[in-house]
Amino acid sequence: MDHYDDAGMQPLRAFPQDKPDYLPREGSWEHDAVNHSDSWSDTIFDILDISNESRPDKSYLLSFFREPFLGALEAAIAEASQSGTPWDLELELVTAKGKVIWVRSSGSALIENDTVVKIKGSLVEIDKYRAEEASHHLLKQRHQQLSGFAHILTHNLRTHAYNIMMLTGLADRSKLDAYHADLLDKVTTVSDNLIATIEQISGIIKVNENVIESELLRFEEITENVLSVMRAELNLHEADIETDFIVPAVFFPRLYLDSILMNLISNSIKYRKDHEKPEVLISTYLDEEKNCVILEYQDNGIGIDLKRYGSKIFGLYKTFTHRPGAHGVGLFLVKTQIESQGGYIVVESKLDVGTIFRVFFKPGTQRID
């Protein structure tokens, strides 16, 4: 009985590199056509759920496959034995414990003096890969269906909402008594809120659908542009914004970086302490271990109870205070925009102390020169 380890074996396929927890098992087998002997690597026994004391045998290996996969593999091996033709198949097998798994079987023949002397094959367990691939395909189909439905819904609702707004605008308030004038004001407020909600939903849909090109952005320039747009609100609340951009630039969509900074600054204003002016520090630095640039945003606001709300902080329409203007959309958009570009965001916060957001951009997008 021959065994050998799997050292030095080359992968048969490029498995997803963004899934560090995915480690497919890969083993090799060999049939000596001259001496009529077989040898397997230890991983073959592991994949088949059998003891490594079992006798390696080509027929025994084939017994773990069922039709139509058995016939396909038998035909491939037979052709390799006769003409040296290699094969590469994705097949189902049933392990000794009755578990049905997908494997990738590849093999080729060793020919000497026009005679096939050895058949070498390999098995790679791709069960998880196949499941993820099928799941991804199903999710993509559902996303397309939901996307079409969302477009129809927002289009129709927007039409009705603007019609209501137009009709309330045509009303002659001078001909209304106090009761009906107040009623008209309430309808107008509801109409305005409905339009705002529809526009928010429409923006969320666009973020999830559109592929926006990245460009080289200087943090200082983008921040100044955002602050200039928000200048009146910042002055009203005497907000103090400081910056420290150790990493000066990043490749990222301009629209998204504008939106991220604007939403974070708006939150600092919205959730400021009642008797303390808002203070914000925006900085960037390089995480050498992760090879990515980090945008750190820190404020001195009322903070968030992360033990209570930590799992919901980036949820759509999740709000944690009764502050005016809190809709639960801003942080959802921030997270969605960052993740759409391959990055992620984390948060630290203490009640009555403040909040820190750290944006981890996709590795390789930084510029330090």
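Keep in mind it's a predicted model, so treat the numbers as computed, not measured.
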Decide side chain to side chain contact (heavy atoms under 4.5 Å, CB included) for I338 and F360; before the verdict, give the C-alpha distance in whole Å, the side-chain angles of both, and the deciding distance to 0.1 Å. CA-CA 8 Å; I338 293 168; F360 291 75; over 6 Å; no
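- Classification of R358 and E348 as a salt-bridged pair holds, one side-chain N sitting under 4.0 Å from a carboxylate O.
- More than 12 heavy atoms of other residues, nucleotides or ligands lie within 6.0 Å of CG in D172, so this atom counts as buried by the packing criterion.
- E67 CD: more than 12 foreign heavy atoms inside a 6.0 Å radius.
- Residue-environment remark: CD (E238) stays at or below the threshold of 12 foreign heavy atoms within 6.0 Å.
- Ring geometry for F357 versus Y297: interplanar angle of 30 to 60°, hence tilted.
- The pair K186-D182 meets the salt-bridge criterion, with a side-chain N (NZ, NE, NH1 or NH2) lying under 4.0 Å from an Asp/Glu carboxylate O.
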I would like to know whether I282 and F219 meet side chain to side chain contact (heavy atoms under 4.5 Å, CB included); could you show each step before the answer? CA-CA 10 Å; I282 309 173; F219 286 108; over 6 Å; no
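- No donor-acceptor pair under 3.5 Å is formed between the side chain of N113 and the backbone N or O of T115.
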Intermediate values then yes/no, side chain to side chain contact (heavy atoms under 4.5 Å, CB included), I101 and L93: CA-CA 6 Å; I101 63 172; L93 64 78; 3.6 Å; yes
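- I241 contributes atom CD1, which lies 9.5 Å from atom OG1 of T223 (distance to the nearest 0.5 angstrom).
- Proximity of the aromatic rings of W102 and F69 is defined here by a centroid distance below 6.0 angstrom, and this criterion is met.
- For the pair S349 (side chain) and G354 (backbone), a donor-acceptor distance under 3.5 Å is present.
- With salt bridges taken as basic N to acidic carboxylate O contacts below 4.0 Å, one links D46 and R25.
- Between the CZ atom of F64 and the CD1 atom of I44 there is a distance of 10.5 Å, given to the nearest 0.5 Å.
- Atom-to-atom distance recorded for D299:CG and E279:CD is 10.0 Å, nearest 0.5 angstrom.
- Annotation for E215: atom CD counts as buried by contact number, over 12 foreign heavy atoms lying within 6.0 Å.
- Taking OG1 of T355 as the reference point, atom OH of Y271 lies at 10.5 Å (rounded to 0.5 Å).
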